Protein chains: 2
Amino acid sequence: MRRDIFQAIADPTRRTILTLIAVQAMTPNALAAYFDTTRQAVSKHLKILAECELVRQEQQGREIYYQLEIGRMKEIDNWLEQFRKLWENRFGQLDELLLTLKNKQQ
Amino acid sequence: MRRDIFQAIADPTRRTILTLIAVQAMTPNALAAYFDTTRQAVSKHLKILAECELVRQEQQGREIYYQLEIGRMKEIDNWLEQFRKLWENRFGQLDELLLTLKNKQQ
DNA sequence: TATACATGCAACCAATTGGTTTCTCAAAAT
DNA sequence: ATTTTGAGAAACCAATTGGTTGCATGTATA
């Protein structure tokens with residue numbers, strides 16, 4: 001039980017769940033229809049996502065709607081931030097190269 | 001052996017390795033000094049990162065320098081893209097709320 | 001009220017993971 | 001030429017993971 005957002009998105013099923021509920025809240029049953037596993041397996045994935053606060057539950061009668069908790073997703077974005085400079089730099093260099101080539105053609 | 005970039009960054013040691021070599025290329029030995037594990041364990045992490053093409057190796061005598069392959073990191077950014085709209089929206093709504101509160105004070 | 005449905009939990013299982021120790025190999029250094 | 005050093009591969013191990021089946025519980029419906 002690591003309860004780590006990076007570990008949470010490591011599983012492809014969980015990533016798909018996040019994508020699905022990003023569009024609209026869904027019940028475990030409805031989600032399970034998208035996968036080749038049992039409802040209980042999906043339930044376990046949802047539990048992990050809930051522990052990481054990546055999803056929010058909303059009971060509605062006997063159904064539970066799972067909704068994306070978008071705020072947490074920003075943590076991944078924050079981690080990426082340290083690398084963003086590097087790849088912007090790289091693409092910046094590419095831009096420069098293309099510009100040089102263009103100038104030579106003129 | 002999943003060779004999946006999301007699975008690669010799931011491990012905290014591997015994330016730290018990526019952060020370290022983002023600054024400058026490093027050898028397995030130098031990296032191992034940062035962790036409470038054996039050099040061989042670090043070597044295994046590097047192998048996984050290499051399989052995902054997140055690092056590039058450069059032999060120099062008997063040492064091997066590992067360097068960050070920044071391009072692959074953009075895949076994570078691309079996956080985040082689908083959620084970015086949502087959280088920008090959310091913070092947009094927050095901005096609006098703050099603006100309303102400010103106006104009320106006046 | 002009895003039955004069907006939606007969900008989560010517990011117990012179990014095979015595969016994977018992250019770590020270790022031991023070994024081999026190639027390149028420096030003595 | 002011999003020894004030391006840097007690195008990866010192999011064999012092994014305990015813990016974790018993702019899945020299953022069976023059960024318990026609460027809510028809707030007949």
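Not measured: the values here are computed from a predicted model. In what follows, chains carry the letters A, B, and so on, assigned in the order in which the sequence lines appear, proteins first and then strands, with residues in each chain numbered from 1.
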For this session: May I ask you to verify if any side-chain N or O of B/His45 is less than 4.0 angstrom from the OP1 or OP2 atom of C/dT17?
Result: no
Seminar exercise, completed: The side chain to side chain donor-acceptor pair (under 3.5 Å) partners of B/Glu75 (sequence neighbours excluded) come to B/Arg72
For this session: Mind listing the residues from residues 19-34 of chain B sitting with a heavy atom below 4.0 Å of DNA chain D? Number order is fine.
Result: B/Thr27, B/Pro28, B/Asn29
For this session: Return the set of residues passing salt bridge (charged side-chain N to carboxylate O under 4.0 Å, His left out) with B/Glu58 (not counting sequence neighbours), or none when no residue passes.
Result: none
Exercise. Within the structure, does a side-chain N or O atom of A/Gln7 lie under 4.0 Å from either OP1 or OP2 of D/dT17?
Worked result: yes
For this session: Looking at every strand, decide which applies to B/Tyr66 at a 4.0 Å heavy-atom threshold: base, sugar-phosphate, or nothing.
Result: sugar-phosphate
Seminar exercise, completed: For B/Ala50 and B/Gln57, the nearest pair of non-hydrogen atoms, with its separation, is CB-NE2, 3.9 Å
Problem set entry | cation_pi(A/Arg56, A/Tyr66) dist<6.0 Å, angle<=45 | no
For this session: Using atom CZ of B/Phe6 as one end and atom P of D/dT17 as the other, report the distance to the nearest whole Å.
Result: 19 Å
Exercise. Does A/Thr13 or B/Tyr65 map to a spot on DNA chain D nearer the 5' end, using the closest nucleotide for each?
Worked result: B/Tyr65
Exercise. Among C/dA6, D/dG8, D/dA9, which nucleotide sits nearest the side chain of A/Glu63?
Worked result: C/dA6
Seminar exercise, completed: side chain to side chain donor-acceptor pair (under 3.5 Å) filter on B/Glu81, not counting sequence neighbours, yields B/Arg84
Exercise. If you group Ile, Leu, Val, Met, Phe, Trp and Tyr by side-chain heavy-atom gaps below 4.5 Å, do B/Leu54 and B/Phe35 land in one group?
Worked result: yes
Exercise. Counting heavy atoms not belonging to B/Asn78, are there more than 12 under 6.0 Å from its CG?
Worked result: yes
Exercise. In whole angstrom, what separates A/Phe35's CZ from D/dG18's C1'?
Worked result: 13 Å
Problem set entry | Closest non-hydrogen atom pair between B/Ala10 and A/Phe6, with its separation | CB-O, 3.8 Å
For this session: Just do the side-chain contact (heavy atoms from CB on, under 4.5 Å) check on B/Ile21 and B/Gln67 with the steps written out, would you?
Result: CA-CA 6 Å; B/Ile21 63 172; B/Gln67 190 173 359; 5.8 Å; no
For this session: List the atom of A/Ala32, the atom of A/Val42, and the distance in Å for their closest heavy-atom pair.
Result: CA-CG2, 3.8 Å
For this session: Would you give a per-nucleotide map of nucleotides 20-30 of chain D, 5' to 3', where B means the base has a protein non-hydrogen atom under 4.0 Å away, S means only the sugar-phosphate does, and - means neither?
Result: BBB----BS--
Exercise. Can you tell me how far C1' of C/dG8 sits from CD of A/Gln57, to the nearest Å?
Worked result: 10 Å
For this session: Note the angle between the end axes of the helix from C/dT1-D/dA30 to C/dT30-D/dA1, five pairs defining each, rounded to 10 degrees.
Result: 10°
Exercise. For the pair made of CZ in A/Arg15 and P in D/dG18, what is the distance, rounded to whole Å?
Worked result: 11 Å
For this session: Starting at atom CD1 of A/Ile9, determine the distance to atom P of D/dT17, rounded to an integer number of angstrom.
Result: 15 Å
Exercise. Once you round it to whole Å, what is the distance between P of C/dA26 and CD1 of B/Ile64?
Worked result: 13 Å
For this session: Tell me, with the steps shown, if B/Trp79 and A/Leu18 meet side-chain contact (heavy atoms from CB on, under 4.5 Å).
Result: CA-CA 11 Å; B/Trp79 182 76; A/Leu18 292 173; 4.1 Å; yes
